[in-house]
Each structure stands twice: as structure tokens, then as C-alpha cells.
Amino acid sequence: MQPENQEWDVQPENQEWDIQFGEQEIEEYSDNWKEQEEIEEKSYSLKNLIDQHVIEKSLEIEEHLVKEKKDAESYLESVFKAAKASREEKNYVPKIEIDIPKIEIEPEEEPIKKLNEEQKKIFSYFVPVVGMEQQICQVLEGALHRKGKDNSSVSGNIIITGGRGSGKTVLATDIIKAIQKSDKSSTGKVGRITGDSLNHKDLNQLIKKMAGGYLIIEKAGEISQETVGKLSFLMEQNTEGLLIIMEDTRKDMEKLLNQNVNFAKKFTERVKIPVFTSDELVVFAKAYALEQECEIDDMGILALYNRISNIQKLDEATTLTEVKEIVDDAISNAERGGLKKLFGRKKISPEGYLYLREKDFED
């Protein structure tokens, strides 16, 4: 323990300590400080140097990568260009300038839907018959479309079927007239032959003779199978567009066509003449009379109906041939005239046609 009342030697407050260093200590301290500063400066410089080097290397690497990318793109582009050039060279077709003449396309003709006035005069016997005008239009359309378009006879040929005396040959002749009127270039000979006569002909010579014209074969059902084969072959050769029209009854025509399918296919146009009613037969008689420069008066028409009913049979239709004979007899009676002729009392129409009257149709 400290003795009581002991006095301590205490420095007064805020007294400055007088600390003295020796010169050597100050120099050492200064040298250490400078050395430390140099070290720090060197360390900082080295770090900056390293950082700068890293940046430079990074930029160099980046530039190198960009350059490599550009080189790769340039290489690929050159490869694609080379491949494209190679393909174009392989597919290259030298350009040849050809002087192509101007071709004028003829406008398509409208299909025949109705007969004109000139054609109606040609088919005056058949136009009044129900359904005949439509059939005739179809036949003309098919025949005219083929005629002149092909040098052979493989299509457009015509078949006409109908009963005995129904006017098949008259219709065939009228069709030829209408074709020639519609197509001025459709000229050529018109020939008629029966199926039986055809069997005994030199078909080569016949086709050559009729080349470019029209051949009507009546009673075609009589053509032999051998003749059918030869004719079918010759129709496929150069016939200069010969048009063949065959006619017969429906039954005999079917029998003929069944012999040779290839032959049947060449006849693409067909007309079926129906059985005429009494009214249609009278219309035919009037048209026929006008062709002979005659006209039937009202009483003569009634007499004509009576004559037609007298010749009608239950199992056989009255034919145009029979009606034509009735009109021919009436014309003969009117021209003969007996005493009427002697006294000049023949009745003449305002057009100058000879009237056919009731008396002229008497048996």
C-alpha cells in the first residue's frame, strides 16, 4: 500500500511531450517511406501494364475472330457463287432467235342450235316433224366440225335409220346440200350405192374415186362382214375427208354395226326418222307440191287426208313415198284437165302455181 499523503509527480494537462528522434532514425524512416512508395508505384504500374496487355490481347483476339468470321463468310459466299455458276452453266440453253410467223386464230363458230331459213327450205319435208330439226342440227354440227379438219374418215360419218319409204335417201341428199351450203370448201363428188353392190366393188378404187366427196350407202345392212373390215381400214387412210352416210332400218343397221365395233365408232352422227302422223304427211305433201310449182287448195287438202287414211294399215305406217305418189297423180290429173284444159279453165294461184283441187285427188 502507498503511504498516505504521498505526493505524485504528475505532469500538468496539455503538456506537450518533447519527443526527439535521432537523425539516423529520421533518415531510415524516410528511406523506408520512399522505398514503399516506389514499390507501390511499381506495383501500380505493373498492374496497369498487365491490364493494358490483357485489353490489347482481348482486342487482338476479337479482331482475329472478326477477321476469321469475315474470311469464312467470304469463303462460303465464293463457294455458293461457284456452285450457282456451275448449275447455270449446266442448265444454260443458248438463246436462239426464231422468226415465228404470226398465226391468226379463227374465231370458233357457234354451234348450230336452230336451222336458218335457207336450211329450212332444204329440209322442208322434215322440219315439220316433231324432233327432226334438233336431230338435223346435231348432225350438221358434227359433220361440219369434222369435215376438212382431217384427211381421213375416222369420224363425223352419218347413220340414218327409218322405216321403208320414210325418206332416208332424201334426207341424206339434203344433209349433203346443207353441208355444201355452209362450207363452200366442202366440194366433191356425190355417189350412191347399195350395200350389196358395195360387196362386189374394188373398195380401193371406189374410195380413191370418191375421195373428198360424199358416199351414200343405201340398204347398208346388206354389207358383208369382209367388206366392213376392208372399208373400216380404208376409212383410216387418206380419203381427203370423204363423208360416208349409211341408211337402213333400225334393226338391219344394228345388225351391221355389231359386226365391227371399230367400224361403228366411225359413225358418230345419227338421225332416226320417226313414224309420220297424218298431219305430218299432209305437210310433206304440201311442201312437195310447192316444189312442183303446185298448190293444194282447202278442198284438195281434205281429199288428201281421205286418200291417206284409205292407204293406212294397222301393222305398217304410211310412207312419204306413198304420199308422193298421191300428189304426183293429182298433178297429172290437174295438168291433163280433160275439157277444162280444152277451154282453158285450169285454176292458177296468184303466184302462178297450178291449184290441186278435190277432183284431182280422186282415185
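All values below come from the heavy atoms of this structure, side chains included, with hydrogens, waters and symmetry mates left out. We number each residue from 1, following the sequence as shown.
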Distance-only donor-acceptor check, side chains [X] and [Y], under 3.5 Å:
{"X": "E247", "Y": "T161", "value": "no"}
{"X": "T249", "Y": "D252", "value": "yes"}
{"X": "S153", "Y": "T239", "value": "yes"}
{"X": "E236", "Y": "N262", "value": "yes"}

Rounded distance (nearest 0.5 Å) linking atom [atom1] of [X] with atom [atom2] of [Y]:
{"X": "E226", "Y": "L231", "atom1": "CD", "atom2": "CG", "result": "12.0 Å"}
{"X": "L354", "Y": "E295", "atom1": "CG", "atom2": "CD", "result": "10.0 Å"}
{"X": "Q119", "Y": "I136", "atom1": "CD", "atom2": "CD1", "result": "9.5 Å"}

Heavy atoms of other groups near [X] [atom1], more than 12 under 6.0 Å:
{"X": "Q134", "atom1": "CD", "value": "no"}
{"X": "D298", "atom1": "CG", "value": "no"}
{"X": "K230", "atom1": "NZ", "value": "no"}

So, for [X] and [Y], which heavy atoms are closest and what is the spacing to 0.1 Å?
{"X": "L356", "Y": "A289", "result": "CD1-CB, 4.3 Å"}
{"X": "M235", "Y": "S152", "result": "O-CB, 3.6 Å"}
{"X": "L144", "Y": "S182", "result": "CD1-CB, 3.8 Å"}
{"X": "M299", "Y": "E358", "result": "CE-OE1, 3.5 Å"}
{"X": "V129", "Y": "P274", "result": "CG1-CG, 3.6 Å"}
{"X": "I296", "Y": "L304", "result": "CD1-CD2, 4.2 Å"}

**Short N-O contact, E254 and R250, less than 4.0 angstrom** =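 Looking at R250 together with E254, the answer is yes, because their closest N to O distance falls below 4.0 Å.
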**Request:** Give a yes or no on whether a salt bridge exists between R192 and E218, defined as a side-chain N under 4.0 angstrom from a carboxylate O.
**Result:**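 A salt bridge is present here (some side-chain N lies under 4.0 Å from a carboxylate O).
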**Prompt:** Is there a donor-acceptor contact under 3.5 Å from the side chain of T227 to the main chain of I223?
**Reply:**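 No; zero donor-acceptor contacts below 3.5 Å.
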**Request:** Only counting residues at least two apart or in another chain, list the ones meeting salt bridge (Lys or Arg N to Asp or Glu O under 4.0 Å) with E280.
**Result:**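 With sequence neighbours excluded, E280 shows a salt bridge (Lys or Arg N to Asp or Glu O under 4.0 Å) to no residue whatsoever.
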**Request:** Mind running side-chain hydrogen bond (donor to acceptor under 3.5 Å, both in side chains) on Y355 and D360 for me, showing each step along the way?
**Result:** CA-CA 9 Å; Y355 268 125; D360 298 324; over 6 Å; no
Any side-chain heavy atom of [X] within less than 4.5 Å of one from [Y]?
{"X": "I176", "Y": "Q180", "value": "yes"}
{"X": "D248", "Y": "I159", "value": "no"}
{"X": "L215", "Y": "L243", "value": "no"}
{"X": "I273", "Y": "K168", "value": "yes"}
{"X": "L256", "Y": "M246", "value": "yes"}
{"X": "F361", "Y": "N306", "value": "no"}
{"X": "I245", "Y": "F267", "value": "no"}
{"X": "K114", "Y": "K120", "value": "yes"}

**Request:** Using the side-chain hydrogen bond (donor to acceptor under 3.5 Å, both in side chains) rule, take R307 and N310 through it: C-alpha gap first, then chi angles, then the decisive distance, then the call.
**Result:** CA-CA 5 Å; R307 285 290 304 274; N310 289 338; over 6 Å; no
**Request:** Sort and list the pairs that fulfil ring-ring contact (aromatic ring centres under 6.0 Å, His included) and have at least one residue in residues 113-133, not counting sequence neighbours.
**Result:**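 Found Y125-F284.
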**Prompt:** Which residue, Q259, K266, K265, forms the side-chain hydrogen bond (donor to acceptor under 3.5 Å, both in side chains) with S232?
**Reply:**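 Between S232 and the candidates, side-chain hydrogen bond (donor to acceptor under 3.5 Å, both in side chains) is satisfied uniquely by K266.
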Are [Y] and [X] connected into the same hydrophobic cluster when the rule is that any two of I, L, V, M, F, W, Y join if their side-chain heavy atoms are below 4.5 Å apart?
{"X": "I179", "Y": "V154", "value": "no"}
{"X": "I326", "Y": "I331", "value": "yes"}
{"X": "I308", "Y": "V275", "value": "no"}

**Item:** Audit row: T194, E222, side-chain hydrogen bond (donor to acceptor under 3.5 Å, both in side chains) steps and yes/no
**Value:** CA-CA 8 Å; T194 64; E222 297 176 349; 4.8 Å; no
